[in-house]
Amino acid sequence: MSDASLSSESLAYRHALDAIRAVEPAVAAAIGAELHDQRESLKLIASENYASPATLLAMGNWFSDKYAEGTVGRRFYAGCKNVDTVEALAAEHARELFGAQHAYVQPHSGIDANLVAFWAVLAQRVESPALARAQARHVNDLNEADWATLRRELGDQRMLGMSLDAGGHLTHGFRPNISGKMFEQRSYGTDPATGLVDYDALATSAREFRPLIIVAGYSAYPRLVNFRIMREIADEVGATLMVDMAHFAGLVAGKVLTGDFDPIPHAQIVTTTTHKSLRGPRGGMVLCQTELAEQVDRGCPMVLGGPLPHVMAAKAVALAEARRPEFRDYAQRIVDNANALAEGLLQRGAKLVTGGTDNHLVLLDVSSYGITGRQAESALLDANIVTNRNAVPQDGNGAWYTSGIRLGTPALTTRGLGTAEMDQIADLIHTVLAGTTPGTTGGKPSKAAYVLADGVADRVAGQTTDLLKGFPLYPTIDLG
Ligand code: PLP
């Protein structure tokens, strides 16, 4: 194909790869291979998506070379005029899109956004009163004794977050993460009978525990959370409500989650990633009410280093895309697809946590197939279906092997697949899992080894490839 007939995106990537190949050919080859692999596989990872070429291109440039500690118009470095432009634009798009009073777009990832939020609340509710008591303006003005007291107080606060096996996230106060080392944490779970958040139990626990922060939000809960009720509970016990909407930000942006299910009007502070259902670059963001804005803007240097201007540029592009009317249609299709996938699985006799879904994800309990999540994940991958294993509530197989598989529809919806294809995918998943049995390692039963019935992997992989042929990924990009 002559250059003249190639799309500008194909040309951009061909030239970029030529430049990379000239320095390190293996990296150019890996980038090309990644596009190939993503095109070939059926991606059901609930936390992944496909960002637009414009978003991807906004990230690969000389903005990466710039240091810009500080905030728009108030930097610790000279020459940040253009960084100011993209950061201000990204923040404005975020505020407008979500109807938020304040947006901070510097966090490099979701975990960073959560750290910024935790420390903003600690600064507002613990540090500021301590400074006022000591009649000091800045922590540097405290004497050694007051400083030691403040450090102890900062380390002696409580957090209430959703338990991991109910779908919560490690950054919501669990010991392997710094949040669990910073806070004394107590978890709330779901009702064992329904699998739904038990607000009465949560309220009782909050009254006893009196946390500084209640964290709502999840990575693997297939239903909606009522943030109005969460805020009422938080207010009653004097806690700040923080919502981590990393997973469902796209559904909030696309106005699928509104009223009680939209966290922005209810929570004092909301964090998110930008790369999951929101379909932007890898990164994080904090949205908050005005009262917390000043503390949130201190994310750098509190827990962040210099911002990533190239990623903020890409956030501005992706958020501009999310403000377009098409994004609402996209968000609705994510949920319609998740519903169709759940229905298709239920019709084939599968067991789903909570019996279905209201959002972008489905949690399939694979114990009814007699296998672990780890075995299911591996068998599905053999058939070119990419998922991830996930604990289910009260999971007897623990967090490593698990009894569940988490399935999400944001990526396939971006690719254009619809409800009819979701039913076909349910059939492919069921075929693989029904054809999988536990294997052995060294003659002993294993939670990882598995046996797939003859021919199933090849047959389903072939059907997966045929299905995806109708939905080309990055159709405007031809690497040659
Ligand atoms: N919060 C939630 C609810 C998540 O699901 C995740 C990622 O899986 C994160 C935070 C962390 O995001 P990141 O990987 O960008 O740090």
Side-chain angles (χ1 to χ4, degrees), residues 43-49 51 55 59 94 104-120 159-174 176-180 182-183 185 187-188 190 197 213-225 227 230 241-253 257 261 263 267 269-287 299 303-305 307-308 311-312 314-315 318 334 359-363 386-391 399 402 404-411:
K43 176 149 94 175
L44 281 163
I45 297 196
S47 49
E48 292 186 9
N49 211 326
T55 297
M59 252 184 301
Y104 181 64
V105 296
Q106 292 191 12
H108 308 170
S109 71
I111 184 172
D112 290 356
N114 286 349
L115 274 177
V116 170
F118 298 151
W119 281 101
M159 168 184 291
L160 188 65
M162 192 178 211
S163 70
L164 282 180
D165 73 352
H169 192 258
L170 268 179
T171 56
H172 300 176
F174 294 93
N177 179 257
I178 185 149
S179 56
M182 280 163 51
F183 289 96
Q185 199 261 21
S187 299
Y188 58 89
T190 46
V197 172
I213 302 177
I214 296 182
V215 184
Y218 52 79
S219 301
Y221 179 67
R223 297 292 179 176
L224 306 186
V225 173
F227 300 114
M230 297 289 287
L241 178 63
M242 166 179 156
V243 176
D244 177 351
M245 64 170 183
H247 258 262
F248 53 90
L251 306 185
V252 179
L257 300 184
F261 307 108
I269 189 158
V270 176
T271 58
T272 186
T273 53
T274 45
H275 49 272
K276 302 187 206 274
S277 56
L278 195 52
R279 208 166 61 184
R282 289 202 85 85
M285 198 159 72
V286 181
L287 305 168
V303 292
L304 303 174
L308 309 176
V311 181
M312 294 196 294
K315 285 173 183 169
I334 292 176
N359 56 21
H360 64 297
L361 69 87
V362 174
L363 198 53
V386 189
T387 64
N388 68 285
R389 63 188 185 280
N390 208 102
T402 80
I405 284 287
R406 188 182 65 166
L407 308 167
T409 53

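Atoms considered below: every heavy atom in the structure, side chains included; atoms not considered: hydrogens, waters and symmetry mates. Counting starts at 1 for both ligands and their atoms, in listed order.
- Within the model, atoms CZ of Arg282 and CG of Asn49 stand 11.5 Å from one another, a figure rounded to the nearest 0.5 Å.
- Residue Tyr218 approaches ligand 1 through these ligand atoms, each under 4.0 Å from one of its heavy atoms: 3 (C).
- Under the 4.5 Å side-chain criterion, counting only non-hydrogen atoms from C-beta, Leu287 is in contact with Met245.
- Backbone and side-chain nitrogen or oxygen atoms of Ser109 are examined, and one is located within less than 3.5 angstrom of a nitrogen or oxygen of ligand 1.
- Phe183 and Phe118 have their aromatic ring centers within a separation under 6.0 angstrom.
- When all heavy atoms are compared, the tightest approach of Ser219 to Arg406 is O-NH1, 2.7 Å.
- Annotation for ligand 1: atoms under 4.0 Å from non-hydrogen atoms of His247 are 5 (O).
- For ligand 1, the atoms sitting less than 4.0 Å from at least one non-hydrogen atom of His275 are 15 (O), numbered in the order shown with element in parentheses.
- Partner of Asn359 under the side chain to side chain contact (heavy atoms under 4.5 Å, CB included) criterion, out of Phe248, Phe261, Tyr218: Tyr218 alone.
- In this model, no donor atom of one side chain and acceptor atom of the other lie less than 3.5 Å apart for His169 and Asp244.
- The two atoms that bring Thr273 and Ala249 nearest to each other are O-CB, 4.5 Å, heavy atoms only.
- For the pair Thr273 and ligand 1, the shortest N or O to N or O distance does not fall below 3.5 Å.
- Listed by atom number, the atoms of ligand 1 under 4.0 Å from Ala246 heavy atoms are 1 (N), 2 (C), 3 (C), 4 (C).
- At least one heavy atom of Lys276 sits less than 4.0 Å from an atom of ligand 1.
- Numbered from 1 in the order shown, with element, the atoms of ligand 1 that lie under 4.0 Å from a heavy atom of Ile111 read 11 (C), 12 (O), 13 (P), 16 (O).
- Closest to atom 6 (C) of ligand 1, if we only count protein heavy atoms, is His169 NE2, 3.1 Å.
- Ranking protein heavy atoms by distance to atom 1 (N) of ligand 1, first place goes to Asp244 OD2, 2.6 Å.
- Ring geometry, His247 versus His360: the interplanar angle falls from 30° to 60°, so the pair is classed tilted.
- Comparing heavy-atom distances from atom 15 (O) of ligand 1 across Ala113, Gly110, Gly284 singles out Gly110 as nearest.
- Remark: Ile178 CD1 is loosely packed, at most 12 non-hydrogen atoms of other residues, nucleotides or ligands lying under 6.0 Å away.
- For atom 13 (P) of ligand 1, the nearest protein heavy atom lies closer than 4.0 Å.
- Listed by number with element, the atoms of ligand 1 under 4.0 Å from a non-hydrogen atom of Ser219 are 2 (C), 3 (C), 4 (C), 5 (O).
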